[in-house]
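Data block below; observations after.
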Amino acid sequence: MVSLNLPCDNFVFPSALKACAGLSVLQVGRQIHGLVSVSGFGSDPFVQSSLAHMYVRCGEMVKARKVFDRMDQRNVVGWSAMVAGYAREGYITEAMELFRMMRDSGVEPNLVSWNGLIAGFSHSGNSVKGVATLKEMYSQGFRPDGTTISSVLPSVGDLSSLVTGLQIHGCVVKNGFAADACVVSALVDMYGKCGSTENMLQVFDEMVEMDVASCNALVAGLSRNGLVEDALRVFMQFKRQHVELNVVSWTSVVACCAQNGKDIEALELFREMQSVGIKPNSVTVPCLLPACANIAALTYGKAMHCYSLRQGIFENVYVSSSLVDMYAKCGKIWGARVVFDMIPFKNVVSWNAIIGGYSMHGKAKEAICMFNLMLESGQKPDHISFTCVLSACSQSGLIKEGKEYFRSMSHEHGLTVRMEHYACMVNLLGRVGKLEDAYQMISQMPTKPDACVWGAMLSACRIHGNATLGEIAAEELFRLEPRNAGNYVLLSNIYASKRMWDRVNRVRGRMMYIGLKKNPGCSWIELKNKVHTLLAGDKSHPQMTQILERLNRLNVEMHKSGQFPDTQFVLQDVEEQEKEHILCGHSEKLAVGLGLLNTPPGYPLRVIKNLRICGDCHGTIKFIAKFEGRQIFVRDTNRFHHFQDGVCSCEDYW
DNA sequence: CTAGGGTTAG
């Protein structure tokens with residue numbers, strides 16, 4: 001229309017600006033603003049309100065305010081857009097103040113004004129304000145409608161306040177809002193977030209007309225509450241019933257798998273999603289990438305990188321940040337850095353990804369350097385930034401630096417010290433052998449230490465073979481998480497390393513009594529675009545004979561060179577020779593053996609393990625790396641081990 | 001002709 005030189009009037013500007021607002025396209029909005037300025041309609045109240053709204057929706061509150069301040073006759077639409085905008089951006093005081101000023105200037109808020117304010121609070125995650133505003137609206141004689149309900153519900157879910165949720169549900173039933181699809185999906189979501197699956201299912205079952213958003217909320221709700229199998233089952237049902245599943249539906253089910261240890265399933269669902277013609281978007285990618293990272297499926301991860309570049313979604317900060325994380329977890333820390341440097345607008349998530357990456361690789365210097373660069377760039381650190389930098393310090397035994405970061409967290413950055421930060425400090429002190437200091441830190445905590453703190457203590461006791469403090473930590477853990485087999489294994493390993501076999505048997509008896517089995521060790525390796533899973537002692541892999549043959553040959557070579565496996569890591573009290581036999585079956589060694597067989601000489605190997613690497617395997621893999629002239633990366637639950645030339649990047653300190 | 005709502009994301 002503009003290129004045809006047709007004149008724009010005060011009727012077409014609002015419509016065009018509304019389109020910009022809906023799509024948050026600031027660039028076009030600015031151009032239209034320019035046209036408005038030269039058109040002579042710059043003082044039309046409709047045009048001005050629309051302009052203010054466009055800037056609000058593009059997150060440009062300063063620009064919006066400028067337009068609003070210049071308005072000659074401020075109408076209810078302009079006021080309401082500004083109020084909602086401030087609430088949405090988290091400027092609560094400004095929103096409330098403007099709301100008051102609107103009334104003082106003689107403009108009465110209507111239902112849409114109230115709803116906008118409530119939606120703004122919900123959007124910015126303000127759980128208390130949303131509900132409070134709903135109550136205030138009631139007290140001033142405004143009846144809520146379906147929009148009010150679906151605006152306020154998201155903040156109720158965040159509150160985890162089931163009572164409030166039930167009250168609102170009651171209001172929905174009484175007023176007949178249950179026919180509104182948005183209300184139903186918001187209710188399903190709210191009950192899911194409050195952990196009430198019975199209510200969630202009831203709302204879903206009573207739904208009048210099938211609605212895809214409610215189906216999606218149900219899948220997410222089941223997944224979030226640990227009912228993974230049910231989530232997958234209902235998804236399959238929806239597919240069979242020909243519910244018109246959209247990109248959100250597929251993304252939800254991919255996320256469900258990726259967040260619950262079903263990494264291979266996540267990759268398969270992603271493929272199926274594409275095969276039925278649903279295009280993954282900038283949310284799908286960060287949902288899927290953790291699955292690639294978990295099993296070090298680098299080829300899939302790279303494919304996602306290419307896809308993101310092709311689709312033009314790489315610039316999305318969540319997409320690029322999850323790519324950084326994926327490369328780091330797949331052993332490519334340099335690749336992670338390259339991607340990080342290409343992120344145009346970094347946020348705290350991006351910085352945390354690269355700091356965490358360096359930390360995981362034991363590169364404390366680099367992690368600290370990136371942390372300082374983040375501060376210099378003006379980015380405020382959050383509690384995760386501190387978890388990353390503190391764990392980097394503990395990987396490398398940097399006591400002084402760690403203590404200083406720990407102190408600055410609350411004193412300089414105004415952040416609350418959480419359990420995981422105490423756990424980092426216990427880890428830091430404990431690993432260098434300052435077990436008494438670590439124990440003292442726990443005793444002086446303002447809140448009761450949780451399992452991650454005691455777990456750090458127990459691990460430190462394992463490294464230094466301290467049975468006395470180990471027993472204290474273990475007893476706390478048995479009370480806090482009686483069904484976590486790892487704790488029993490750690491304590492029993494402490495005893496085994498001190499040859500206290502009667503106590504080893506006592507712990508194992510206790511485990512058996514409550515019906516716990518040692519978590520089987522499991523490793524993954526990607527070879528020729530296929531991810532292979534190996535379980536400790538499992539002989540089912542088709543190449544197992546060759547693997548064991550190769551490993552035995554390497555074992556002989558190792559003995560010849562005068563090195564012997566460290567057998568103190570075996571749990572059972574058995575003859576020395578048999579111990580070595582059991583160690584041979586550890587999954588990380590099997591994965592390395594498989595990698596050696598199926599890759600050309602000199603090719604680097606990347607292995608992922610679900611538990612911490614054992615000392616014997618660590619020693620053996622150091623030997624293999626040297627003997628075979630290979631770089632071998634092993635990622636365990638804690639960090640990366642980069643084996644090369646007979647040494648490991650962790651310097652035997654893990 | 002201009003203002004308000006639900007589902008996926010470290």
Side-chain angles (χ1 to χ4, degrees), chain A residues 9-18 21 41 44-54 56-57 75-85 87-88 109-120 122-123 144-154 157 177 180-190 192-193 211-221 223-224 245-256 258-259 280-290 293 316-322 324-326 347-353 356 382 384-385 387-388:
Chain A
D9 63 6
N10 51 330
F11 290 95
V12 76
F13 282 131
S15 305
L17 286 164
K18 184 182 188 176
F41 293 105
D44 181 281
F46 280 74
V47 175
Q48 287 173 323
S49 305
S50 312
L51 271 172
H53 175 235
M54 181 274 294
V56 163
R57 291 303 295 255
N75 54 27
V76 66
V77 175
W79 279 107
S80 306
M82 293 305 293
V83 167
R88 204 183 166 90
N110 58 23
L111 181 59
V112 181
S113 317
W114 283 104
N115 286 350
L117 183 59
I118 292 171
S122 280
H123 190 89
D145 64 359
T147 303
T148 320
I149 302 299
S150 47
S151 301
V152 77
L153 277 173
F177 298 145
D180 187 326
C182 290
V183 169
V184 174
S185 63
L187 276 173
V188 171
D189 178 61
M190 179 274 294
K193 283 181 177 150
D211 171 57
V212 68
S214 301
C215 295
N216 301 343
L218 182 72
V219 170
S223 168
R224 156 179 299 131
L245 299 173
N246 57 21
V247 63
V248 179
S249 326
W250 284 94
T251 304
S252 305
V253 75
V254 166
C256 170
Q259 287 159 8
N281 65 13
S282 59
V283 180
T284 319
V285 174
C287 285
L288 180 72
L289 278 170
N316 179 295
V317 70
Y318 291 98
V319 170
S320 43
S321 302
S322 55
V324 171
D325 182 65
M326 181 277 296
N347 69 4
V348 69
V349 179
S350 332
W351 286 101
N352 291 349
D382 67 1
I384 297 174
S385 321
T387 311
C388 294

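All values below come from the heavy atoms of this structure, side chains included, with hydrogens, waters and symmetry mates left out.
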Contact class for A:Ala181 vs. all strands (heavy atom < 4.0 Å): base, sugar-phosphate, or nothing?
-> base
Can you confirm whether the side chains of A:Asn75 and A:Ser49 place a donor and an acceptor under 3.5 Å from each other? yes
**Prompt:** Hey, does A:Val319 reach any base, or is it just sugar-phosphate, or nothing, if we go heavy atoms under 4.0 Å?
**Reply:** nothing
Quick note, A:Thr147 side chain, CB onward, closest among B:dA3, B:dT7, B:dG5 is B:dG5
Notebook entry, point to check: Which part of the nucleic acid, if any, lies within contact of A:Ala119, taking any heavy atom under 4.0 Å across all strands shown: a base, the sugar-phosphate backbone alone, or nothing?
Noted result: sugar-phosphate
Next on the checklist: What contact category does A:Ser151 fall into here, base, sugar-phosphate, or nothing, at under 4.0 angstrom with non-hydrogen atoms?
Outcome noted: sugar-phosphate
Q) Taking only side-chain nitrogens and oxygens of A:Gln259, does any of them come within less than 4.0 Å of OP1 or OP2 of B:dT8? A) no
Indicate, with a heavy-atom threshold strictly under 4.0 Å, whether A:Asn10 touches base, sugar-phosphate, or nothing.
base
Among B:dG5, B:dG10, B:dA3, the one nearest any side-chain atom of A:Arg88 is B:dG5
Picking from B:dC1, B:dG5, B:dT8, the nucleotide nearest the side-chain atoms of A:Ala220 would be B:dT8
Handout entry: Under 3.5 Å side-chain donor-acceptor pair for A:Ser322 and A:Asp325
Key = no
Does OH belonging to A:Tyr318 count more than 12 external heavy atoms closer than 6.0 Å?
-> no
Problem set entry | Check: A:Asn216/A:Ser249 side-chain N/O donor and acceptor closer than 3.5 Å | yes
Inset, instruction - Check every strand shown and say whether A:Asp44 touches a base, only sugar-phosphate, or nothing at a heavy-atom separation below 4.0 Å. - result: nothing
Of the candidates B:dT8, B:dG10, B:dG5, the side chain of A:Asp382 sits closest to B:dG10
Among the nucleotides B:dT7, B:dG10, B:dA3, whichever has the atom closest to the side chain of A:Ile384 is B:dG10
| message | Within the 4.0 Å heavy-atom criterion, would you say A:Asp189 contacts the bases, only the backbone, or no part of the nucleic acid? | response | sugar-phosphate
From CE of A:Met54 across to P of B:dT2 the rounded distance in Å is 16 Å
Rounded to whole Å, CG of A:Leu187 lies from P of B:dT7 at a distance of 12 Å
* Asked: May A:Trp250 be described as stacking on the base of B:dT8, applying a 5.5 Å centroid limit and a 30° limit on plane angle?
  -> no
*What does A:Ser252 touch in the nucleic acid at a heavy-atom separation under 4.0 angstrom: a base, only the sugar-phosphate, or nothing?*
sugar-phosphate
Taken to the nearest whole Å, CZ/A:Arg57 to P/B:dT2 is 14 Å
Atom CG of A:Leu51 and atom P of B:dA3 are separated, to the nearest Å, by 12 Å
From CE of A:Met190 across to P of B:dT7 the rounded distance in Å is 12 Å
**Message:** Just to be sure I understand the rule, does A:Asp9 reach a base, reach only the sugar-phosphate, or reach nothing, if contact means heavy atoms closer than 4.0 Å?
**Reply:** nothing
Notebook entry, point to check: Which part of the nucleic acid, if any, lies within reach of A:Val152 when heavy atoms closer than 4.0 Å are counted: base, sugar-phosphate only, or nothing?
Noted result: nothing
A:Phe11 has its side chain closest, among B:dT7, B:dA9, B:dC1, to B:dC1
* **A:Asn10 side chain vs A:Phe13 backbone, donor-acceptor pair below 3.5 Å** => no
Testing B:dT2, B:dA3, B:dT7 for proximity to the side chain of A:Ser50, the answer is B:dT2
The nucleotide from B:dA3, B:dC1, B:dT8 with an atom nearest the side chain of A:Arg224 is B:dT8
Of the candidates B:dT2, B:dT8, B:dG5, the side chain of A:Asn75 sits closest to B:dT2
Residue set satisfying side chain to side chain donor-acceptor pair (under 3.5 Å) with A:Thr387, at least two apart, ordered chain then number -> A:His421
*asked:* Base, sugar-phosphate or nothing for A:Gly356? Non-hydrogen atoms, less than 4.0 Å.
replied: nothing
Rounded to whole Å, the CZ-C1' distance (A:Phe46 to B:dT2) equals 6 Å
A:Asp145 atom CG is separated from B:dA3 atom C1', nearest whole Å, by 14 Å
Closest to the side chain of A:Lys18, out of B:dT8, B:dG5, B:dA3, is B:dA3
For A:Ser214, the side-chain contact (heavy atoms from CB on, under 4.5 Å) test, sequence neighbours excluded, returns A:Val184, A:Ser185, A:Phe204, A:Met207, A:Asp211
Here the distance between atom P of B:dG5 and atom CG of A:Leu117, to the nearest Å, is 12 Å
